[in-house]
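Notes for the one structure printed next.
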Amino acid sequence: MADAQAVGVEEEKKPRSVRVVLLALMITMMLAMLDNMIVGTAMPTIVGELGGLEHLSWVVTAYTLATAASTPIWGKLGDMYGRKGAFMSSIVIFLIGSALSGMAQNMGELIGFRAVQGLGAGGLMVGVMAIIGDLIPPRERGKYQGMMAGVMALAMIGGPLVGGTITDNWGWRWSFYINLPLGVVALAAISVVLHLPKKRSQARIDYLGAGLLTVGITSIVLVTTWGGTEYAWSSARIMELIGIGVASLIGFVFWQTRAAEPIVPLHIFRSRNFTLMSLIGFVTGFVMFGATLFLPLYQQSVQGASATNSGLLLLPMLGAMLVTSMVAGRVTTNTGKYKVFPIVGSVLMVVGLYLLSLMDTGTSRFTSGVYMAVVGLGMGCLMQITMLVAQNSVQMKDMGVASSSTTLFRTLGSSFGVAIMGALFNNRVQDVMAERAGSLGSKVTEQSAQLDAASLAKLPAAAREAYQHAVSSGTHSAFLLGAIVAVAALAASLFVKEVPLKGAGPQKADEADETSTEGAGTLPSVVEAV
């Protein structure tokens with residue numbers, strides 16, 4: 001009887017422990033998403049103090065490269081040596097990079113310290129997703145999708161506002177120092193409350209695989225970052241990077257078939273659902289980051305919104321994404337069904353992007369808000385479902401690499417989206433400016449097709465009107481491309497196989513067999529009360 005009572009008390013404590021861990025994970029997720037947005041707002045002030053305007057892009061590129069390259073490695077380390085230790089190590093490295101970035105005395109130091117910060121950031125999102133995958137069965141995971149979507153929406157809306165407030169009142173260095181107290185709170189909570197099974201793999205880390213993957217990813221990100229801006233797409237430098245990237249990735253795939261403990265075990269791609277979710281995640285990243293880049297630009301240049309208001313004007317998209325994600329999570333938890341969400345989400349994303357491509361200089365804020373809401377509804381159906389289905393498609397021992405691979409595909413998608421949509425936008429703006437404003441138009445945009453509010457206000461009325469038409473034409477081309485790319489996600493979603501989610505309660509024998517072939521068995525209870 002006493003034993004039964006003790007078990008009952010223990011079971012009552014566990015949900016409270018889970019909530020504490022989830023709160024710490026959400027804080028860490030917020031750190032990963034907020035950082036670039038806060039720093040982006042502070043960049044003009046940073047350049048004013050440190051100089052080095054010509055190296056400005058490297059402040060972001062160094063962070064992005066380090067994050068992308070380290071993401072799959074953190075996932076594998078968690079699988080091999082334990083999720084908790086790898087996750088806490090990534091937080092510590094991120095906080096060290098944040099502190100050093102805040103103390104940087106010149107642009108070179110800041111770029112180097114941002115790379116350190118990026119190395120840690122590569123493990124933050126992966127750690128969050130993999131630990132949630134360990135703690136919560138897929139059937140129950142839908143309940144928490146609203147929390148994760150809420151953190152994403154809050155970071156996208158609040159990042160620029162927080163960055164501006166911190167920079168204006170405390171100075172740009174606090175854009176980095178603000179990470180420290182939040183990170184310490186997350187570390188303390190995870191250290192005390194989270195108890196995961198300890199692992200110790202006898203296999204050695206696949207250093208050759210890690211090196212080949214790092215070189216391949218770095219080359220791809222540099223191509224998408226430099227192509228059409230620093231170097232022409234047909235230049236020797238871009239061709240060299242493409243060659244190095246392709247050769248490295250081919251070598252990486254070849255080596256993964258022979259490595260004792262591969263960084264990305266290729267057998268996870270035998271699961272049709274995992275491969276399809278990776279493709280859908282790539283497309284979602286391509287579309288989402290392109291939309292969040294060009295919508296504020298359109299709103300400021302064409303609709304006359306301020307920088308602050310342009311962030312708030314994204315609320316229809318982000319609010320719709322949050323609500324839909326919560327509904328999708330609740331329905332998935334209650335029914336165990338999920339295939340409808342990738343299909344509906346992809347359709348809404350295609351339709352929404354096509355509607356955004358119809359915007360011109362006369363489009364009202366209300367109309368553009370409705371269009372954005374359609375895109376947000378689509379992304380809300382896709383954002384968390386892709387990770388949930390991907391994790392449900394692999395065994396528990398591969399949870400880390402499944403999470404990191406899905407995150408990596410989304411990261412690469414965002415890099416390609418920003419680069420390709422950006423190149424299309426810039427070329428279209430410059431062409432229209434040359435057509436409508438002649439030599440003056442070409443002179444206005446010879447340095448950049450994106451003008452800030454101050455530069456726009458100084459233009460003659462005719463040039464300003466021409467620029468508004470040019471931006472409208474550029475966003476049309478960018479969003480139309482996004483709609484075409486989103487069709488790939490729709491095609492992939494049609495082939496998703498609805499495998500029962502683990503932790504879904506009693507299953508029929510044939511369903512249990514089918515589930516075991518797609519992923520892991522029953523998840524153990526891994527959170528203990530303090």
Side-chain angles (χ1 to χ4, degrees), residues 125 129 142 145 148-149 152-153 156 220 224 268-269 271-295 317-318 320-325 327-329 331-332 337-358 371-393 402-403 405-422 424 477-499:
M125 192 68 76
M129 295 301 179
Q145 287 181 353
M148 290 184 277
M152 291 181 180
M156 289 178 183
I220 290 173
T224 59
I268 62 177
F269 291 98
S271 166
R272 182 172 72 187
N273 276 3
F274 181 84
T275 303
L276 292 172
M277 287 303 122
S278 298
L279 174 59
I280 294 173
F282 179 92
V283 173
T284 304
F286 188 105
V287 168
M288 184 177 73
F289 285 91
T292 53
L293 174 65
F294 294 109
L295 280 171
M317 182 175 73
L318 300 174
M321 183 177 76
L322 171 60
V323 172
T324 312
S325 184
V327 172
V331 171
T332 301
K337 305 295 184 182
Y338 54 81
K339 180 174 180 176
V340 64
F341 294 112
I343 295 174
V344 172
S346 300
V347 169
L348 287 171
M349 199 159 62
V350 171
V351 172
L353 288 165
Y354 175 73
L355 291 174
L356 287 177
S357 75
L358 300 179
Y371 295 167
M372 283 188 280
V374 176
V375 176
L377 291 172
M379 289 195 296
C381 290
L382 296 172
M383 286 295 294
Q384 305 304 330
I385 290 292
T386 52
M387 182 64 73
L388 185 153
V389 178
Q391 291 179 338
N392 192 59
S393 303
S403 302
S405 297
T406 307
T407 303
L408 176 62
F409 276 104
R410 187 176 295 174
T411 301
L412 292 177
S414 67
S415 295
F416 275 90
V418 170
I420 297 173
M421 293 171 77
L424 191 62
S477 299
F479 287 128
L480 189 59
L481 172 65
I484 294 170
V485 171
V487 172
L490 175 58
S493 65
L494 295 174
F495 293 96
V496 171
K497 183 180 180 182
E498 194 154 55
V499 178

Any side-chain to backbone donor/acceptor pair from [X] onto [Y]? Under 3.5 Å, distance only.
{"X": "S325", "Y": "L322", "value": "no"}
{"X": "K339", "Y": "K497", "value": "no"}
{"X": "E498", "Y": "V340", "value": "no"}

Value rounded to 0.5 Å, distance of [atom1] in [X] from [atom2] in [Y]:
{"X": "M372", "Y": "M321", "atom1": "CE", "atom2": "CE", "answer": "13.0 Å"}
{"X": "L356", "Y": "M317", "atom1": "CG", "atom2": "CE", "answer": "8.5 Å"}
{"X": "M125", "Y": "L408", "atom1": "CE", "atom2": "CG", "answer": "13.5 Å"}
{"X": "L480", "Y": "M421", "atom1": "CG", "atom2": "CE", "answer": "10.0 Å"}
{"X": "F282", "Y": "T411", "atom1": "CZ", "atom2": "OG1", "answer": "11.0 Å"}

Sequence-distant partners of [X], side chain to side chain contact (heavy atoms under 4.5 Å, CB included), two or more places apart:
{"X": "V331", "value": "V327, T335, F341"}
{"X": "S493", "value": "I280, P342, I343, S346, L490"}
{"X": "V485", "value": "V283, F286, L481"}
{"X": "L358", "value": "Y354, L355"}

Which atom of [X] lies closest to which atom of [Y], heavy atoms considered:
{"X": "M277", "Y": "I385", "result": "SD-O, 4.4 Å"}
{"X": "M349", "Y": "A486", "result": "CE-CB, 4.1 Å"}
{"X": "N273", "Y": "S393", "result": "CB-OG, 3.3 Å"}
{"X": "T324", "Y": "C381", "result": "CG2-SG, 3.4 Å"}
{"X": "G378", "Y": "L348", "result": "CA-CB, 3.7 Å"}
{"X": "F495", "Y": "R272", "result": "O-NE, 3.2 Å"}

Worked verdict on Q391 versus S403 for side chain to side chain contact (heavy atoms under 4.5 Å, CB included): CA-CA 7 Å; Q391 291 179 338; S403 302; 2.9 Å; yes

Do S278 and R410 have a side chain donor and acceptor closer than 3.5 Å?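 The criterion, which ignores hydrogens and geometry beyond distance, is not satisfied for R410 and S278.
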
Kindly determine whether V499 and Y338 satisfy side chain to side chain contact (heavy atoms under 4.5 Å, CB included), including the steps that lead there. CA-CA 9 Å; V499 178; Y338 54 81; 3.8 Å; yes

My understanding is that only residues two or more places apart in sequence, or in another chain, count here; which of them pass side-chain hydrogen bond (donor to acceptor under 3.5 Å, both in side chains) with T406?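 Not a single residue meets the side-chain hydrogen bond (donor to acceptor under 3.5 Å, both in side chains) criterion with T406.
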
Tell me every residue that passes side-chain hydrogen bond (donor to acceptor under 3.5 Å, both in side chains) with T284, counting only those two or more places apart in sequence or in another chain.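 Not a single residue meets the side-chain hydrogen bond (donor to acceptor under 3.5 Å, both in side chains) criterion with T284.
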
Using a cut-off of 6.0 Å, state whether more than 12 heavy atoms not belonging to F269 lie near its atom CZ. yes

